[in-house]
Trainee: 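Quick one: the structure is below, questions incoming.
Computed from a predicted model, the values in this text were never measured in an experiment. In listed order, ligands and their atoms are each counted from 1.
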Amino acid sequence: MSTPSYSFPPGFRWGAATAAYQIEGAHNLDGRTPSVWDTFAKTPGRVRTGENGDIANDHYHLFESDVALMASLGIKHYRFSISWTRILPEGTGAVNQRGLDFYKRLLDCLDKYGIEPQVTLFHWDSPQVLEDRYGSWRSRQMAHDFAAYAEVVVKALGDRVKRWTTMNEVGCFTMLGYGVGKPPQHAPGTVVQSHQDIWQAVHHAMLGHGLGVQAIRAHCSKAIVSLVDNTEVTVPVTESPADVAAAQKAFTDSWINGGVCMPALTGQHPELFLRHKGADAPKVQAGDLEIISQPLDAWGFNNYFGTYVRAADNEDGYETVPLPGGYPKMDLPWLSIVPDAAYWGLRHLRDVAGFKGQFFISENGCGAADEFGADGRINDLDRIFYLRAYLRQFHRALAEGIPLEGYFVWSLMDNFEWSFGYAKRFGIIWNDYASQKRTPKESARWYSECIRQNRVV
Ligand code: NOJ
């Protein structure tokens with residue numbers, strides 16, 4: 001009998017992902033202090049719905065039933081993040097044992113259900129106290145304070161956790177938060193004077209990543225260390241050699257790539273990035289790039305969409321092709337459906353950035369306009385359509401020899417979708433925020449079957 005189509009190798013890690021501020025709630029319990037997201041969400045006009053993460057999914061109290069539900073779907077891997085201000089309420093210094101105890105309870109519960117943790121140390125929730133003290137990632141000091149925080153967490157939880165991620169999506173908490181001459185619209189940050197200030201913040205975050213990798217390795221010898229990045233994917237309009245070469249070149253300086261994945265994986269800022277950014281490029285001190293490009297065991301690729309590129313007769317040799325108005329989208333303004341980005345992202349990370357370790361998909365998923373049908377179920381066939389299309393492209397990469405070892409759907413359940421509040425739903429499990437009742441959607445049933453058969457069904 002032939003292998004059924006779209007099969008993954010034995011041991012492929014099927015998982016689901018969340019992040020602390022988006023689900024935990026318990027914003028002022030057991031010693032936690034505000035993060036920049038608490039402040040931002042409570043600033044009128046910042047979150048479109050006026051909502052915040054004070055209660056969110058109340059996962060802080062409901063984690064046991066959430067883990068049991070995850071296990072009932074067959075999910076064997078869970079990616080979540082740690083809240084910095086639960087652990088270090090002052091951002092630095094005194095450790096809050098009650099904060100660590102929460103994550104110990106969660107990890108013990110995961111262990112009881114045979115679910116392996118994949119822990120992200122930082123998913124955007126910088127301590128407000130460090131924002132007030134020195135402007136958070138605008139200061140180089142933040143990189144050192146992040147590494148000290150990482151050390152505390154890894155020392156305390158390193159016996160329970162093997163798979164560590166330093167940070168999630170550097171581009172989002174820097175680029176979207178710092179506005180030149182105007183306050184941030186989509187994420188916490190400040191008004192800055194120039195784009196150089198923003199690239200400098202990116203550089204500080206990357207330095208924090210590198211120092212964080214060192215801290216993890218120093219205190220957890222079995223650690224499998226990764227960075228999670230929403231690498232911007234340049235998709236060739238056609239797979240002609242000329243368009244593929246154009247997409248590969250464009251990749252080195254598409255959105256944040258020149259400041260994030262390229263220096264992390266090659267130890268250099270690409271030539272194209274330096275030429276395009278000119279005086280806005282970050283100021284780099286001797287030794288920084290060595291720290292930033294610490295060897296990684298794994299690369300966490302977050303993928304939602306991509307940018308089309310083709311060869312062009314101009315100085316750069318490529319041009320990006322804007323999406324036409326009628327291009328298909330999911331239920332968010334930025335969420336165009338570009339399944340080929342799933343494949344090309346992995347290809348570029350291997351062939352252009354040269355990553356030789358293991359890849360995992362740390363996030364993939366979509367917001368959909370979910371509703372209960374007449375049958376009382378949420379038949380989110382559009383989400384299944386989206387996920388299936390992307391998974392087939394991840395599979396293509398694997399079939400072509402790219403070492404992809406896991407996939408985490410975003411998200412386990414509907415949650416606080418940052419500046420869109422609770423209005424946008426990314427979960428394969430519905431959350432009713434009034435009752436905190438969780439209801440698996442049809443996509444959860446579909447995903448569970450993918451796991452059971454170890455293939456895209
Ligand atoms: C990426 C982020 O890591 C996550 O927090 C967010 O909810 C999803 N994208 C969807 O926007």
Trainee: Does an N or O from W124, backbone or side chain, lie closer than 3.5 Å to an N or O of ligand 1?
Mentor: no
Trainee: Quick check with a 6.0 Å cut-off and a 45 degree axis cone: is R350 positioned over the face of F355's six-membered ring?
Mentor: no
Trainee: Can you list the ligand 1 atoms lying under 4.0 Å from a non-hydrogen atom of H123?
Mentor: 2 (C), 3 (O), 4 (C), 5 (O)
Trainee: Could you find the nearest protein heavy atom to atom 11 (O) of ligand 1 and give me its residue, atom name and distance?
Mentor: E417 OE2, 2.5 Å
Trainee: Starting from atom 2 (C) of ligand 1, find the nearest protein heavy-atom neighbour and note its residue, name and distance.
Mentor: E363 OE1, 3.3 Å
Trainee: Classify the contact between W334 and ligand 1 as side chain, backbone, both or neither, using a heavy-atom distance cut-off of under 4.0 Å.
Mentor: side chain
Trainee: Ring of W430, cation from R438 - is the NZ or CZ under 6.0 Å from the centre and inside 45° of the axis?
Mentor: no
Trainee: Answer yes or no: is there a side-chain heavy-atom contact under 4.5 Å between V233 and N303?
Mentor: yes
Trainee: Record the part of N168 in heavy-atom contact with ligand 1 below 4.0 Å; permitted values are side chain, backbone, both and neither.
Mentor: side chain
Trainee: So which of K441, R425, K424 actually passes salt bridge (charged side-chain N to carboxylate O under 4.0 Å, His left out) with D370?
Mentor: K441
Trainee: Among all protein heavy atoms in this structure, tell me which lies nearest to atom 8 (C) of ligand 1, with the distance rounded to 0.1 Å.
Mentor: Y304 OH, 3.4 Å
Trainee: If you count every heavy atom of other residues, nucleotides or ligands that lies below 6.0 Å from K222 atom NZ, does the total exceed 12?
Mentor: yes
Trainee: Is the shortest side-chain heavy-atom distance between N52 and V47 below 4.5 Å?
Mentor: no
